[in-house]
Asks: 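Quick one: the structure is below, questions incoming.
As a basis for the values below, the full set of heavy atoms in this structure was taken, side chains included, without hydrogen atoms, waters or symmetry mates. Counting starts at 1 for both ligands and their atoms, following the listed order. Fair warning: this is a prediction, and the values are worked out from it, not measured in the lab.
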Amino acid sequence: MSITTQPQSTPLHASAALAEAERLMIVCNACRYCEGLCAVFPALEMRRTFADNDLNYLANLCHGCGACYYDCQFAPPHEFNVNVPKVLAQVRNNSFRTFAWPRAFAPLFDRNGLWLCIIGAISVAAFIVGFAASRDASVFFAVHTGPGAFYVLMPHTTMVLLFAAVFAYALFAIVMSARNFWRSTGKLESRNGPSALWQGTRDAGELRYLEGGGIGCYNDDERPTDRRRIHHHLVFYGFFLCFAATCVATLYHYLLQRHAPYPWYDLPVLLGTVGGVGMLIGTTGLFFAKLRRDPEMLDDARLGMETAFIVMLFLTSLTGLLLLVLRGTAAMNALLAVHLGVVLALFITLPYSKFVHGIFRWLALIRYAQERRSMLGSSTGELPATSAGQGGSRP
Ligand code: SF4
Ligand code: SF4
């Protein structure tokens, strides 16, 4: 067998990473040793050729658990040089750029580093401070308590209009990117739309394929643990709880005429506190997991984008919790400006940050569930009992 070890960008593929991914998928399709580890291997076995869209789809199915790197008999220093987690991470990170909307903003993925986000947050905070100072600078040094205290700096309507405009843009851009990605995965005649949707959503919600075939995620070395999966869960569900807190507070404001800040036992505060603490722990865990990750599996070129998103989520939860603790003091004014700045910068960068990996992965899992049903005639789309949950080398 003749297999090149130096990937080249060929006319068949848009990048060297895609060309290398095709080479690896062909090797894996012949080997099939890892077919029980995750959804990537059964999905690649349904194909004989690998166009760019197939590779982008497979890359977004990959959860980067590292199991196939540590299990692989052809991993470096073997001459076949098979490193699936690293190459699929490169293809996956490039795919966010490929499907970005509008395309002209795709280069933002390259520049979406931590400093850009922090400068954005500081700029928004400075705008809010300037806005308040232009009306009455003394509000900054006073203590404000009771319903409506948050709106002394900036009226509620102005705040809502500012955030709603940014949120609406971010949502639209994310939906358009998701649509581009979904279309690229091709058309399937599937009569199992709702059940495939349910299974893909369940697999995404459980992070099923971050289990490394059932024994944990390989991150630092060959000893698998569940830490990365748990930290992902804390961030994922923490984010939704914080979002739910904002939705409940909006309903309170408009339906019940109850204005923030609310007492600690009220629903928006409870949801926000639990979600914020979850995000704080989860992002800290993911940040250190990224630092400790085996460099052989890292996509170095996109490390800045990945780290920036984790740090922005950390700062969002940290400033939100500090605001909760110190809202009865004069520090509340500065903290509110900083918190709003961080949240707005997070929203602005959302469509061009690591955030989209969750959306693409969810869509890839739905497509995979459809494929299982359509191509294997399975009623459930579950992995076969003989291979689910265990790699070939596992005891
Ligand atoms: S051992 Fe796994 S990763 Fe290595 S070539 Fe075989 S299927 Fe691919
Ligand atoms: S999810 Fe894990 S086992 Fe599957 S391809 Fe990615 S790194 Fe390999």
Side-chain angles (χ1 to χ4, degrees), residues 1-5 7 17-18 20-48 50 54-95 200 203-204 206-229 232 289-290 293-299 306 357-358 360-362 364-365 367-369 371-372 383 386-394:
M1 192 186 309
S2 170
I3 298 174
T4 57
T5 54
L18 285 160
E20 172 67 350
E22 184 196 29
R23 184 184 74 85
L24 298 192
M25 294 303 97
I26 290 170
V27 176
C28 292
N29 216 355
C31 169
R32 302 195 169 190
Y33 183 73
C34 297
E35 66 179 7
L37 290 180
C38 69
V40 172
F41 295 93
L44 75 87
E45 288 169 14
M46 294 180 207
R47 291 161 168 78
R48 293 292 171 268
F50 299 94
D54 296 306
L55 296 165
N56 284 322
Y57 158 66
L58 293 170
N60 279 285
L61 264 187
C62 171
H63 289 47
C65 75
C68 62
Y69 175 71
Y70 284 103
D71 276 6
C72 184
Q73 57 269 44
F74 304 124
H78 192 281
E79 61 180 326
F80 284 7
N81 195 28
V82 173
N83 188 338
V84 175
K86 179 173 187 155
V87 174
L88 290 190
Q90 291 169 341
V91 172
R92 184 168 57 248
N93 288 334
N94 288 341
S95 74
D203 289 346
E206 292 175 355
L207 287 174
R208 177 180 176 185
Y209 299 113
L210 203 52
E211 282 184 340
I215 60 172
C217 173
Y218 296 77
N219 187 66
D220 317 6
D221 50 37
E222 72 276 9
R223 288 168 296 181
T225 74
D226 271 333
R227 280 200 302 269
R228 193 157 158 255
R229 186 162 174 246
H232 256 98
K290 193 66 73 185
R293 190 160 175 85
D294 183 341
E296 285 298 317
M297 296 192 291
L298 269 181
D299 175 16
E306 299 198 12
H357 88 287
F360 284 18
R361 179 165 293 157
W362 173 56
L365 286 166
R367 176 59 88 206
Y368 173 67
E371 283 187 354
R372 297 288 295 182
L383 290 171
T386 51
S387 61
Q390 293 293 309
S393 66
R394 301 283 158 69

Asks: Within ligand 2, which atoms have a heavy atom of Pro85 less than 4.0 Å away?
Replies: 7 (S)
Asks: Would you mind checking if Glu35 and Arg32 are paired as a salt bridge, meaning a charged N to carboxylate O distance below 4.0 Å?
Replies: no
Asks: Using a 4.0 Å cutoff against the non-hydrogen atoms of Cys38, which atoms of ligand 2 qualify?
Replies: 1 (S), 3 (S), 4 (Fe), 5 (S)
Asks: Which of the atoms in ligand 2, numbered in the order shown and given with their element, are less than 4.0 Å from a heavy-atom of Gly64?
Replies: 1 (S), 6 (Fe), 7 (S)
Asks: Going by the atom numbers of ligand 1, which of them fall below 4.0 Å from some non-hydrogen atom of Tyr33?
Replies: 1 (S), 6 (Fe), 7 (S)
Asks: Quick check: are there more than 12 heavy atoms from other residues, nucleotides or ligands sitting under 6.0 Å from CZ of Arg48?
Replies: yes
Asks: Short list, please: which atoms of ligand 2 are under 4.0 Å from a heavy atom of His63?
Replies: 1 (S), 6 (Fe)
Asks: Going by distance alone, is a donor N or O of one side chain under 3.5 Å from an acceptor N or O of the other, for Tyr69 and Glu222?
Replies: no
Asks: Fit a plane to each ring of Phe74 and Phe80, take the angle between them on a 0 to 90° scale, and name the class: parallel (under 30°), tilted (30 to 60°) or perpendicular (over 60°).
Replies: tilted
Asks: Less than 4.0 Å between a side-chain N and a carboxylate O, is that true for Lys86 and Glu296?
Replies: no
Asks: Give me the residue, atom name and distance of the protein heavy atom closest to atom 8 (Fe) of ligand 2.
Replies: Cys68 SG, 2.3 Å
Asks: For Phe74, which part has a heavy atom under 4.0 Å from ligand 1: side chain, backbone, both, or neither?
Replies: side chain
Asks: Would you check if the side chain of Arg293 reaches a backbone N or O of Asn219 as a donor-acceptor pair within less than 3.5 Å?
Replies: no
Asks: Name the closest protein heavy atom to atom 6 (Fe) of ligand 2, giving the residue it belongs to and the distance to 0.1 Å.
Replies: Cys62 SG, 2.3 Å
Asks: Starting from atom 1 (S) of ligand 1, which protein heavy atom do you reach first, and at what distance in Å?
Replies: Gln73 OE1, 3.2 Å
Asks: If you look at every heavy atom in Asp299 and Asn93, which pair is closest and at what distance?
Replies: OD2-ND2, 2.8 Å
Asks: Near atom 4 (Fe) of ligand 1, is there an N/O/S atom from Cys31 that is less than 2.8 Å away?
Replies: no
Asks: Just so I know, are the side chains of His63 and Leu207 near enough to count as touching, which here means a heavy-atom distance under 4.5 Å?
Replies: yes
Asks: Find all atoms of ligand 1 within a distance of less than 4.0 Å from any non-hydrogen atom belonging to Cys34, and give their numbers and elements.
Replies: 1 (S), 2 (Fe), 3 (S), 7 (S)
Asks: Distance under 4.0 Å to a non-hydrogen atom of Cys72: what atoms of ligand 1 satisfy this?
Replies: 1 (S), 3 (S), 4 (Fe), 5 (S)
Asks: To check your reading of the model: name the closest protein heavy atom to atom 2 (Fe) of ligand 2, its residue, and the distance in Å.
Replies: Cys65 SG, 2.4 Å
Asks: Specify the closest pair of heavy atoms between Ser95 and Phe360, including all atoms of both residues, with the distance to one decimal.
Replies: O-CE2, 3.9 Å
Asks: Of the protein's non-hydrogen atoms, which lies at the shortest distance from atom 7 (S) of ligand 2, and what is that distance?
Replies: Gly66 N, 3.3 Å
